[in-house]
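Just so it is clear, the model here is predicted, and its values are computed rather than measured. Quick note: residue numbers are just sequence positions, from 1.
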Amino acid sequence: MASFNGGVLPDGFRVVLDPGARWIGDGTVLVGGSPIRLLRMTAPGRQLVDRLAAGEPVPRSPAAQSLARRLLDAGLAHPRPPAPDRGSGAEVAAVVPVRNDPEGLGATLGALSADGAFVSVVVVDDASDDPVAVKARCTAPGVTLLQRGTRGGPAAARNDGWRTATAPFVAFIDANCEPQAGWLDALLPHFADPQVAAVAPRIVSPAGDGAAQRGMMAAYEAVASPLDLGDRESIVRPRSPVAYVPTAALVVRRSALKALGGFDESLTVGEDVDFIWRLVAAGWTVRYDPRALVRHPIRPSWRAWLTQRYRYGTSAAALARRHGWAVAPAVVSPWTAGAWTLAAVGQPLLAVAAGAGSTVALTRTVPAREAARLAGLGHLRGGLALARALRRAWWPAAVALAVKSRRTRPALAAAVVVPGALEWLQRRPRLDPIRFVGLRLIDDVAYAAGVWAGCARERSGKALLPDFRSARSRCGGPN
């Protein structure tokens with residue numbers, strides 16, 4: 001396990017409550033986070049949370065530090081660390097892996113040069129077909145070029161890079177990514193918390209009004225890119241709203257890289273997810289801060305777009321072998337799974353009874369009204385999770401079931417259409433609903449094809465199994 005010098009939050013460290021956090025019952029139970037947590041408070045604990053929510057820095061007392069840490073770890077609060085002294089700013093080295101993309105490398109190096117915050121930039125050429133073209137982009141002062149003789153994949157390139165760099169913080173930035181001004185100003189303060197190992201920015205599509213930006217693919221990617229993890233800050237871990245972050249842009253504490261031995265070079269896809277989950281398993285904290293922006297171009301063709309989705313899917317089986325249930329395509333309670341299964345096979349009354357059972361079970365922990373609310377939200381989210389899994393993992397089985405059982409066809413059709421329609425209503429892309437829902441389905445089917453191919457290669461179906469174990473709201477003892 002990692003050592004964090006006690007994990008003491010520094011002077012001036014503040015927190016803000018998550019927008020979804022609420023007091024329930026007699027005002028001594030804080031509910032929120034994802035998965036939902038219930039944190040019971042003593043009267044002094046409630047008073048401290050109120051002071052923290054009003055902007056008071058976290059006191060140095062062990063009790064206050066412990067409560068603040070519990071709020072942060074549960075996703076009930078988010079950090080507001082003090083700004084670092086600009087005169088003694090953290091030393092950051094940039095590591096840029098590249099293969100066959102000198103133009104993208106040039107754009108990235110230009111953005112890094114304009115930033116001016118790096119003590120060094122290490123470019124790692126992973127055996128490009130034209131190494132001379134890559135080398136020609138690396139002539140600026142402070143840029144070191146490493147040229148691999150054989151292709152090792154992104155994990156090997158990143159490992160070569162951070163082991164060459166000596167700065168205490170390493171910013172991994174893929175060639176063709178362009179960090180926006182001030183991105184490090186948002187990310188680096190998080191490292192004031194000694195428990196934080198890595199912080200990721202939000203990765204968005206390029207800005208602009210050119211013809212390429214008005215295309216159907218660009219309109220879809222603007223709201224549904226797998227690299228864009230949304231506009232809400234989050235702790236990063238399995239089961240969190242942000243379960244992973246890509247290393248297309250990621251700032252990492254060098255000591256954490258050294259402790260874990262860097263990236264797993266046996267993985268040619270999914271190595272970033274594996275790295276993040278190994279950090280979390282070792283006791284480190286990973287944060288996602290969407291105030292920092294990095295732009296990443298969309299794929300140049302529909303074929304490249306589908307290939308990307310397929311490749312992402314192939315990583316699921318290898319990740320399941322390493323991380324078990326963290327890869328489960330759906331995480332729902334037995335109550336929720338049972339209720340939706342009964343509804344799908346045409347037993348609505350039994351489905352309602354199953355849903356009511358979960359509400360009764362929750363009344364042992366929270367008041368009846370809150371139990372009904374939490375159970376209702378849980379069933380709704382669980383139903384959407386099952387529908388997503390049908391498209392992104394189980395569609396071959398779903399198609400076979402639809403052929404065999406006419407009774408299940410309406411439910412399966414709803415699983416295909418409803419989540420995409422709700423997503424369209426929520427995100428309002430520059431696409432009509434039919435095209436958006438169609439592209440979402442194609443996206444999911446391509447990913448699912450990769451999942452099944454990966455399972456065949458690994459000779460394991462673990463990545464296809466749902467997790468019915470992580471269902472309950474978690475309750476914390478009094479503080």
Side-chain angles (χ1 to χ4, degrees), residues 18-20 33-36 75 200 202-206 213-234 236 238-246 273 288 290 293 296 298-299 302 305-306 308-310 312-313 316 327-332 336-337 340 343-344 376-395 398-399 402 409-451 466:
D18 183 80
S34 181
I36 292 176
R202 184 179 184 185
I203 300 176
V204 296
S205 299
Q213 306 304 337
R214 294 194 297 268
M216 186 164 61
M217 185 191 301
Y220 178 79
E221 287 283 283
V223 298
S225 167
L227 298 178
D228 185 353
L229 302 176
D231 60 2
R232 295 188 62 178
E233 61 189 310
S234 179
V236 181
R239 308 291 179 258
S240 169
V242 179
Y244 68 94
V245 286
V273 179
Y288 171 67
L293 293 179
H296 185 287
I298 64 174
R299 297 292 160 171
W302 288 108
W305 182 79
L306 288 170
Q308 178 203 45
R309 272 26 178 208
Y310 173 86
Y312 286 165
V327 188
V331 183
V332 293
T336 296
W340 284 105
L377 284 174
H379 289 311
L380 177 60
R381 292 171 180 170
L384 291 173
L386 289 169
R388 179 177 171 85
L390 274 174
R391 301 190 319 274
R392 289 178 64 84
W394 305 334
W395 65 261
V399 170
R409 291 174 189 172
L412 294 174
V416 169
V417 175
V418 171
L422 291 176
E423 192 174 352
W424 183 87
L425 286 170
Q426 178 186 16
R427 300 185 180 185
R428 296 292 180 170
R430 301 190 312 270
L431 285 173
D432 62 79
I434 293 176
R435 286 192 295 174
F436 179 81
V437 172
L439 284 175
R440 171 53 84 188
L441 179 59
I442 293 170
D443 187 337
D444 290 342
V445 168
Y447 180 88
V451 172

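- Side-chain atoms of Y288 come within 3.5 Å of backbone N or O of G230 as a donor-acceptor pair.
- Proximity of V223 to L431: side-chain heavy atoms (C-beta onward) are nowhere separated by under 4.5 Å.
- More than 12 heavy atoms of other residues, nucleotides or ligands sit less than 6.0 Å from atom CH2 of W424.
- In this structure, Y220 and W305 have perpendicular ring planes: the angle between them is above 60°, well past the 30° mark.
- Separating the CG atom in D228 from the CZ atom in R202 is a distance of 4.0 Å, to the nearest 0.5 Å.
- To the nearest 0.5 Å, atoms CD1 (I298) and CG (L227) are separated by 12.0 Å.
- In terms of modelled atom types and a separation under 3.5 Å, the side chain of R391 and the main chain of A415 share a donor-acceptor contact.
- Other residues, nucleotides and ligands contribute at most 12 non-hydrogen atoms within 6.0 Å of the CZ atom of R232.
- With values rounded to the nearest 0.5 angstrom, L386 atom CG is found 8.5 Å from W340 atom CH2.
- Residues G383 and T336 come closest through the heavy atom pair N-CG2, 4.3 Å.
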side-chain contact (heavy atoms from CB on, under 4.5 Å), that's the test. Do W395 and D444 meet it? Break it down for me. CA-CA 9 Å; W395 65 261; D444 290 342; over 6 Å; no
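- Separating the CD atom in E221 from the CG atom in L439 is a distance of 9.5 Å, to the nearest 0.5 Å.
- For the atom pair OG (S205) and CE (M217), the distance works out to 11.0 Å, reported to the nearest 0.5 Å.
- Within 6.0 Å of CG on L380 lie more than 12 heavy atoms contributed by other residues, nucleotides or ligands.
- Counting only residues at least two apart or in different chains, salt bridge (Lys or Arg N to Asp or Glu O under 4.0 Å) contacts with residues 414-426 comprise E423-R427, E423-R440.
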